[in-house]
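Step one of this worksheet: look at the structure below.
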Amino acid sequence: MDLRPSTSHWGAFSAGFDAEGGLRVVAHPDDPSPSPLLGNIPASLRHPTRVAEPAIRRGWLERGPGPDPARGHEEFVRVGWDEALDLLAAELRRIRDEHGNQAIYGGSYGWGSAGRFHHSQSQLHRFLNCFGGFTSSRNSYSYGTSAVVLPHIVGSVHEVLGRASSWPTIVANTELLVAFGGVPEKNVFVTPGGVTRHHTPEFLAGLAGRGTSVELVSPIRADLPANVAARWHPIRPATDTALMLALAHTLVAEGRHDRDFLDRYCTGYDEFERYLLGVEDGVPKDAGWAEAITELPAAEIVSLARRMAASRTLITVTWSLQRIEHGEQPVWAAIALAAMLGQIGLPGGGFGHGYGSMGDVGDIGPEFRVPHLPQYANPVREFIPVARIADMLLNPGATYDYDGDVRTYPDIRLVYWAGGNPFHHHQDLNRLRTAFARPDTVVVHEPFWTATARHADFVLPATLPLERDDFGAGRRDTHLIAMHRVAEPFGQARDDYAIFGGLAGRLGIGDRFTQGRSAGDWLNQLYQSWREKLESKGIAVPSFAEFFAAGEYRFPLQDTDRTLFAQFRRDPVKHRLHTPSGKIEISSRRVRSFGYADCPGHPVWLEPTEWLGGPRAARFPVQLIANQPGTRLHSQLDGGAVSQAGKVAGREAIRLHPADAAARGIADGDLVRVFNDRGACLAGAVLADQLRPGVAQLPTGAWFDPVGSLCVHGNPNVLTADVGSSSLSQGCTGQHVLVEVERYQGEPPELTIGAPPRISAP
Ligand code: PGD
């Protein structure tokens, strides 16, 4: 069998067809822990939901561009490539001439596929920049809240995410790991762009072997691998900040905080201490106070604080904890707590963010910049925080707060998406449907008939990585992998580059977009200029032809210096942080000056709307955690074998505590309706006692399959609230939502998402 190399966000592999024509996928031989998600690739390549030819929504063709509630409900008409590109080029020109470039939303958030040249969002941005620019998006759904608040606290995002203690340092030095949100193993298989050697499962096993004490703070036990012994604190969801404040209070009350560290390296501690002690509001944030909020025993909180002060302690916070209303607070409170322990900058001590959220956090791979496609500059300055898309589409001209500014939503006439699935990733999908009815035109490049493709006017079929040549590597990857074309493009699918090239030619910007190069020329050229940079540093790199034939290039081993906080600790003047004070800002004057009630100047406990202690819980008494799936990446390859095997009666599996299920007459395997006042979805019940009672877990990513306001497949974003984390960061808050669950009675509506929508001849 001719096996050819390739890579994916979840790992490198080789692929080829066996004698029966079946696609075989074999993990990279150097990968010590290949991802189970490789199993989704074979069935996806020729899945019935592949987009075979360009299609245009019938209403758009017959009635022309304009707001249209029929978008997402109507049939499509198959058209040839020339007709599709002629019509789209004319529409792009019309929008630009009549409304200006800022009327084009090209934020196009999404992971797309691995592969540096065919990275669809880079291709789109390069094309739109050649065309005069577009309204863009900022930050991510992953850590959009932290990305805004961290610069105020420690001066940068990268220093926290990329320069924390590595896993080997943790295994060697950390005596006590306090893991808020745990270290969920399912997520460590993924790094954007690829990962050839999955080290983290080994490190986690090392943690188990060395006997580091682990405190798991999460409503879900599975947020830490079963083989890592841990004391499990099944906290009430969304209350981690209250626990951190009570731990901090205990340190002060018992004089266990490190005053020298706080004086030398931090600013604003005294104000925070007054808050902890309740000097102004009369409410000491002590363990008894936190017990009522977190439902963890006060004695347990006090004992944990004492052990933290007596050990080399690392406090970690997963990104999921900031993907909620007031998501800044657990991140800020954890940094304040770590500062009070005085261990920031010591090996295996201090604070870390994102261990278990992504494979590269704490990994030991080298840090090479890999070749990438230049995008040109965007002449349009308009942007939105990424998770505010529906607000923007629904409220042009409305103002909103963001990081100290008051901004105005632009009036968007054309939405262009390549490499993302907002009808998976955004919150309150019924609201998003209303929002997507508003623009004149929606364009989507997709390999699959996702819900986003079904809500478009132009659907242009894109190839998958196995249908094109490329190269790929992720952050801290050990190899640059040559990605060989293994199969012919499906139907009439084209590479995003070819689609944009066709449009650019029609719009008179062909030369600027392509620079006269074919895709193969680009691969050669990008690799060559990258090679020259490395060779100028004395690193020998093979020619492109040699690299591509060999299938990979191993990056030389590097001494990865993760010592930024260590340097800061050694000399806080020379290595001052990029905050206004140059120190860790436990209170921030700048944030306080913004005057936001939902994010004041230091960490505080603020009740969210979607939590079990609030009034909404009387109507919707189950706290749903909508976290990352273990059977696929986001919504990608949902038709693949691993993802399908995880379904119950074809619907996404919801984990329920047996007591909650019994109280509702629900048995294992039953079809259930999960609902609140925003919508409902069907799901298949799996009973699991490793959950806190009152908490249910339904991962994201089942392809949205709406019948009215009901998603018959189990996408939790039909339930989540479309509100920003706070006025400061406006991040995604999709992680938590209050719901009710009931047994589904009668014959359920059929799934339609597993087959293409209605497509007819012109
Ligand atoms: P993906 O499923 O990865 O989801 O949201 P994101 O939009 O990134 O979508 C990528 C799409 O790109 C797929 O539809 C795929 O088919 C398409 N694609 C792949 N290759 C190509 C290509 O070469 N060309 C083109 N044109 N398309 C391609 C993920 C987002 O969801 C993220 S990052 C997070 S962290 C959020 N997490 C949560 C959460 O915790 N809870 C909730 N409720 N919601 C979330 N949403 C967010």
Side-chain angles (χ1 to χ4, degrees), residues 8-10 40 44 47 49-51 107-115 117-124 139-145 181 184 187 190 192 318-324 327 354 357-358 386-387 389 416-429 443-453 456 459-468 470 472 483 489 493-500 610 624-629 632-640 643 697-704 715-722 731-737:
S8 67
H9 298 308
W10 48 93
N40 280 329
S44 302
H47 195 267
T49 53
R50 285 295 302 271
V51 184
S108 184
Y109 181 79
W111 275 55
S113 292
F117 172 67
H118 290 291
H119 182 245
S120 30
Q121 195 194 55
S122 309
Q123 292 283 350
L124 171 62
N139 309 326
S140 67
Y141 278 76
S142 298
Y143 53 87
T145 297
N187 300 336
V190 170
T318 49
W319 296 344
S320 53
L321 261 70
Q322 50 86 68
R323 221 174 285 138
I324 60 171
S357 301
M358 197 90 90
V386 67
I389 169 135
Y416 208 132
W417 227 286
N421 188 3
F423 279 89
H424 140 62
H425 68 229
H426 194 60
Q427 286 55 67
D428 199 347
L429 294 180
V443 188
V444 171
H445 295 193
E446 249 298 336
F448 297 98
W449 279 105
T450 61
T452 300
V459 181
L460 303 179
T463 51
L464 282 172
L466 288 180
E467 297 164 344
R468 57 204 186 204
D470 207 338
M483 299 170 69
R494 290 185 180 174
D495 300 344
D496 292 297
Y497 179 66
I499 302 173
F500 289 126
E610 303 284 335
L624 186 72
I625 299 192
N627 57 1
Q628 301 299 319
R632 61 185 168 262
L633 168 65
H634 306 313
S635 71
Q636 294 201 21
L637 313 188
D638 191 19
S643 183
Q697 186 227 339
L698 176 62
T700 61
W703 284 9
F704 179 53
N715 187 316
N717 275 327
V718 80
L719 304 157
T720 50
D722 186 6
C732 157
T733 60
Q735 189 73 188
H736 289 164
V737 61

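Every number for a ligand or one of its atoms is a count from 1 in the order of the listing. Remember, it's a predicted structure, so these values are computed and weren't measured experimentally.
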Going by heavy atoms, is H119 under 4.0 Å from ligand 1? no
Stepwise side chain to side chain donor-acceptor pair (under 3.5 Å) check, D495 with T463: CA-CA 5 Å; D495 300 344; T463 51; 2.8 Å; yes
How far is atom 39 (C) of ligand 1 from its nearest protein heavy atom, and which residue and atom is that? A626 O, 3.5 Å
Any N/O pair N627/ligand 1 closer than 3.5 Å: no
State yes or no: are the ring centers of H426 and Y109 separated by less than 6.0 Å? no
Is it the case that the side chain of Q322 and the backbone of S142 share a donor-acceptor pair, with hydrogens and angles ignored and the cut-off at 3.5 Å? yes
For ligand 1, which atoms sit closer than 4.0 Å to a heavy atom of F448? 16 (O)
Does a side chain donor of either N627 or Q697 reach within less than 3.5 Å of an acceptor in the other side chain? yes
Tell me, please: is L460 in heavy-atom contact with ligand 1, that is, under 4.0 Å? no
Under the 3.5 angstrom rule, does the side chain of S108 hit a backbone N or O of A418 as a donor-acceptor pair? yes
What residue and heavy atom of the protein are closest to atom 28 (C) of ligand 1, and at what distance? P447 CD, 3.6 Å
Among H425, M358, H424, which one puts a heavy atom closest to atom 46 (N) of ligand 1? H425
Hey, what's the ring geometry for H634 with W111, parallel, tilted or perpendicular (30° and 60° as the breaks)? perpendicular
Can you tell me the protein heavy atom closest to atom 12 (O) of ligand 1 and the distance? G419 C, 3.2 Å
Over all heavy atoms of both residues, which pair between V459 and W449 is shortest? Give the atoms and the distance, please. CG2-CZ3, 3.7 Å
Measuring from the heavy atoms of C732, does anything fall under 4.0 Å of ligand 1? no
For ligand 1, which atoms have a heavy atom of S635 less than 4.0 angstrom away? 1 (P), 2 (O)
Between W703 and H424, is the gap from one ring center to the other below 6.0 Å? no
N717 heavy atoms, cut-off 4.0 Å: which ligand 1 atoms fall inside? 42 (C), 43 (N), 44 (N)
Got the closest protein heavy atom to atom 23 (O) of ligand 1, with its distance? R468 NH2, 2.8 Å
With a cutoff of 4.0 Å, is S320 in contact with ligand 1, counting heavy atoms of the residue only? no
Nearest-contact summary for atom 36 (C) of ligand 1 - protein heavy atom, Å: Y141 CB, 3.7 Å
Between H445 and W417, is the ring centre distance below 6.0 Å? no
Which ligand 1 atoms are under 4.0 Å away from a heavy-atom of T450? 14 (O)
Can you tell me if S643 and N40 form a side-chain donor-acceptor pair at under 3.5 Å? no
Any nitrogen or oxygen of L464, main chain or side chain, under 3.5 Å from a nitrogen or oxygen of ligand 1? no
Please report whether ligand 1 has a polar contact with R323, defined as an N or O pair separated by less than 3.5 Å (distance criterion only). yes
Before giving the answer on side chain to side chain donor-acceptor pair (under 3.5 Å), spell out for N717 and Q427 the whole-Å C-alpha distance, their side-chain angles and the decisive distance to 0.1 Å. CA-CA 5 Å; N717 275 327; Q427 286 55 67; 3.2 Å; yes
Against ligand 1, does P716 come closer than 4.0 Å with any heavy atom? no
Are the side chains of F448 and L637 in contact, using a 4.5 Å heavy-atom criterion? yes
What is the closest protein heavy atom to atom 14 (O) of ligand 1, and at what distance does it sit? E446 OE2, 2.5 Å
Please list the nearest protein heavy atom to atom 42 (C) of ligand 1 with its residue and the distance rounded to 0.1 Å. T700 CG2, 3.2 Å
Would you call Y143 and R323 a side-chain contact if the rule is heavy atoms closer than 4.5 Å? no
For N421, counting its heavy atoms only, list the atoms of ligand 1 lying under 4.0 Å from any of them. 7 (O), 9 (O), 14 (O)
E467 with R50: basic N within carboxylate O range, under 4.0 Å: yes
Atoms of ligand 1 under 4.0 Å from any heavy atom of Q636, numbered from 1 in the order shown, are 1 (P), 2 (O), 3 (O), 10 (C)
May I ask you to check whether N421 and T452 show a side-chain donor-acceptor distance below 3.5 Å? yes
In terms of atom number and element, which parts of ligand 1 are under 4.0 angstrom from non-hydrogen atoms of S142? 33 (S), 35 (S)
If we number the atoms of ligand 1 from 1 as shown, the ones under 4.0 Å from a heavy atom of D496 are 22 (C), 23 (O), 24 (N), 25 (C), 26 (N)
Among protein heavy atoms, which lies nearest atom 21 (C) of ligand 1, and at what distance? S113 OG, 3.7 Å
